[in-house]
Amino acid sequence: MKLKETIKDSLNRLLEIETEDSFTVESVYYRGDTLCVSSQLGCPVRCSFCASGMNGLIRNLSSDEIIDQYRIAVSEGMEIKNIAFAGIGEPLLNWENVKRAFHYFKEQGLKASFYTTGFPLKNFKELLELPHNGVNLSLHAVTDEKRKQLIPYGQPLDQILGLFKDHLSKLSRRKRKMYSIAYLLIGGVNDSEEEIQKLSQIAKDLQVGVSLLKYNEIDGIDYRSTSDEEYERVFLQLRENGIRVTLSNRYRTRKIGGCGTLMINRTVLTK
């Protein structure tokens with residue numbers, strides 16, 4: 001693999017890396033210490049709000065191709081302490097290669113965290129037992145009907161939440177802080193007061209916090225972001241229900257590297 005281009009905005013650096021078969025995979029360096037790596041070329045989960053899976057899965061990345069994203073970033077002078085498996089692809093659907101890359105990163109003294117839809121369940125269960133530094137379960141909906149709309153190939157809620165709860169029930173309060181629910185707020189889709197109330201109940205039942213993500217609008221996808229006022233309203237509703245909430249930081253609300261904005265062979269680059 002070789003670096004094709006590094007695209008910068010005021011906060012992030014987007015690395016476009018060419019594979020030996022001439023595809024381009026994207027990684028994002030942000031916060032001055034974290035590299036978000038991709039695990040697949042494309043994505044089979046096909047989330048309806050996400051640019052990364054618009055054309056489905058092309059192929060899995062090898063463990064070396066995942067690791068090379070880190071090696072190339074280091075060779076470009078980037079200081080990296082944390083790896084986030086949160087780029088293109090569902091890590092659990094390329095599990096053997098992701099595990100090999102994960103253990104390599106841990107051997108380098110790096111902290112590694114995951115964003116995952118939790119599919120398939122057997123790999124999700126194994127992930128939870130790894131010596132990771134954080135797992136964010138990408139929920140994005142509180143009913144199976146709405147989740148099917150947003151994540152067509154996701155796991156039914158009762159199955160994924162049941163497994164998650166079983167694991168969390170064995171942990172101390174301190175260790176549970178390493179886990180959270182990721183909820184991407186999409187205007188007029190999953191942001192009603194009733195849905196946020198249900199989200200609060202799920203978080204309370206699991207005794208975890210919520211990573212409340214703000215949707216970045218994408219050309220060709222008919223979803224809208226929430227206004228700042230709507231975003232604050234949901235944040236306050238969760239907080240009033242006693243939920244620990246982490247907001248989208250300034251790095252994840254940029255066009256480069258925002259949730260769902262990475263893609264294969266980008267044709268329109270953000271300046």
Side-chain angles (χ1 to χ4, degrees), residues 1 3-18 24-40 43 47 49-53 61 65-91 98 101-102 104-106 108-116 132-138 140 177-185 209-218 225 228 231 235 245-264 266 268-271:
M1 293 174 72
L3 182 66
K4 288 177 60 178
E5 189 169 6
T6 299
I7 306 164
K8 298 181 182 180
D9 66 11
S10 60
L11 295 171
N12 299 334
R13 291 181 68 180
L14 174 68
L15 285 73
E16 288 199 321
I17 300 170
E18 186 175 6
T24 301
V25 64
E26 296 184 349
S27 307
V28 179
Y29 178 67
Y30 66 99
R31 206 172 59 195
D33 64 359
T34 301
L35 184 70
C36 171
V37 298
S38 295
S39 56
Q40 296 178 300
C43 183
C47 297
F49 54 80
C50 180
S52 303
L61 294 178
E65 288 174 321
I66 298 171
I67 292 167
D68 278 349
Q69 295 171 65
Y70 163 73
R71 291 172 173 155
I72 289 170
V74 170
S75 73
E76 290 292 305
M78 300 175 203
E79 296 183 8
I80 298 169
K81 296 180 181 178
N82 307 299
I83 297 290
F85 286 89
I88 299 172
E90 167 53 69
V98 165
F102 168 81
Y104 171 85
F105 293 139
K106 296 299 286 187
Q108 304 306 304
L110 302 170
K111 295 180 178 179
S113 59
F114 291 81
Y115 273 79
T116 176
H132 59 75
N133 297 95
V135 171
N136 288 271
L137 175 61
S138 297
H140 307 325
K177 290 182 179 179
M178 297 172 61
Y179 300 83
S180 65
I181 294 169
Y183 198 86
L184 181 64
L185 206 61
V210 171
S211 294
L212 189 64
L213 307 175
K214 200 168 190 292
Y215 182 64
N216 288 348
E217 294 180 3
I218 299 167
S225 182
D228 290 342
Y231 190 54
F235 165 72
V245 185
T246 302
L247 298 176
S248 282
N249 61 41
R250 56 188 182 142
Y251 305 98
R252 291 186 63 85
T253 56
R254 310 294 289 189
K255 286 296 185 183
I256 294 179
C259 185
T261 60
L262 302 187
M263 58 186 69
I264 301 297
R266 182 180 295 265
V268 179
L269 303 181
T270 303
K271 296 182 180 179

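Side chains are part of it too, since the values below use all heavy atoms of this structure and drop only hydrogens, waters and symmetry mates. Not measured: the values here are computed from a predicted model.
Between the OG1 atom in T24 and the CD atom in E5 there is a gap of 10.0 Å [rounded to 0.5 Å]. With rounding to the nearest 0.5 angstrom, the OG atom of S38 is 7.0 Å from the CD atom of E26. I72 contributes atom CD1, which lies 12.0 Å from atom NZ of K4 (distance to the nearest 0.5 angstrom). Atom OH in Y215 sits 8.0 Å away from atom CZ in F49 (nearest 0.5 Å). From L185, atom CG reaches atom OH of Y231 across 7.5 Å, with rounding to the nearest 0.5 Å. Between the CZ atom of F102 and the OG atom of S39 there is a distance of 14.0 Å, given to the nearest 0.5 Å.
Side-chain atoms of S113 and N133 form no donor-acceptor pair, as typed in the model, at a separation below 3.5 Å.
Remark: the backbone N or O of T246 is not paired with any side-chain donor or acceptor of S211 at under 3.5 angstrom.
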**OP:** For the pair E79 and Y29, evaluate side chain to side chain contact (heavy atoms under 4.5 Å, CB included) and give the outcome as yes or no after the intermediate values.
**Re:** CA-CA 9 Å; E79 296 183 8; Y29 178 67; 4.3 Å; yes
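The heavy-atom pair separating P91 from V98 by the smallest distance is O-CG2, 3.5 Å. Taking both residues in full, the closest heavy atoms of S138 and H140 are given as CB-NE2, 3.4 Å, listed atom of the first, atom of the second, then distance. The two residues L3 and E76 make their nearest non-hydrogen contact at CD2-CD, 3.5 Å.
Between L247 and K214 there is no side-chain heavy-atom pair separated by less than 4.5 Å. Within the 4.5 Å cutoff, the side chain of I7 has heavy atoms near those of the E16 side chain.
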For residues 80-90, please give each side-chain donor-acceptor pair under 3.5 Å, one per line with the distance, not counting sequence neighbours.
unit_1, atom_1, unit_2, atom_2, d
N82, ND2, D33, OD2, 3.4
N82, ND2, T34, OG1, 3.3
E90, OE1, T116, OG1, 3.4
E90, OE1, T117, N, 2.8
E90, OE1, T117, OG1, 2.8
E90, OE2, L92, N, 2.9
E90, OE2, T116, OG1, 2.8

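In K106, the NZ atom is crowded: over 12 heavy atoms of neighbouring residues, nucleotides or ligands sit closer than 6.0 Å.
Considering only residues two or more places apart in sequence or on other chains, Y183 meets the ring pair (Phe, Tyr, Trp, His ring centres under 6.0 Å) condition with none of them. Not counting sequence neighbours, the partners of Y179 by the ring pair (Phe, Tyr, Trp, His ring centres under 6.0 Å) test are H132, H167.
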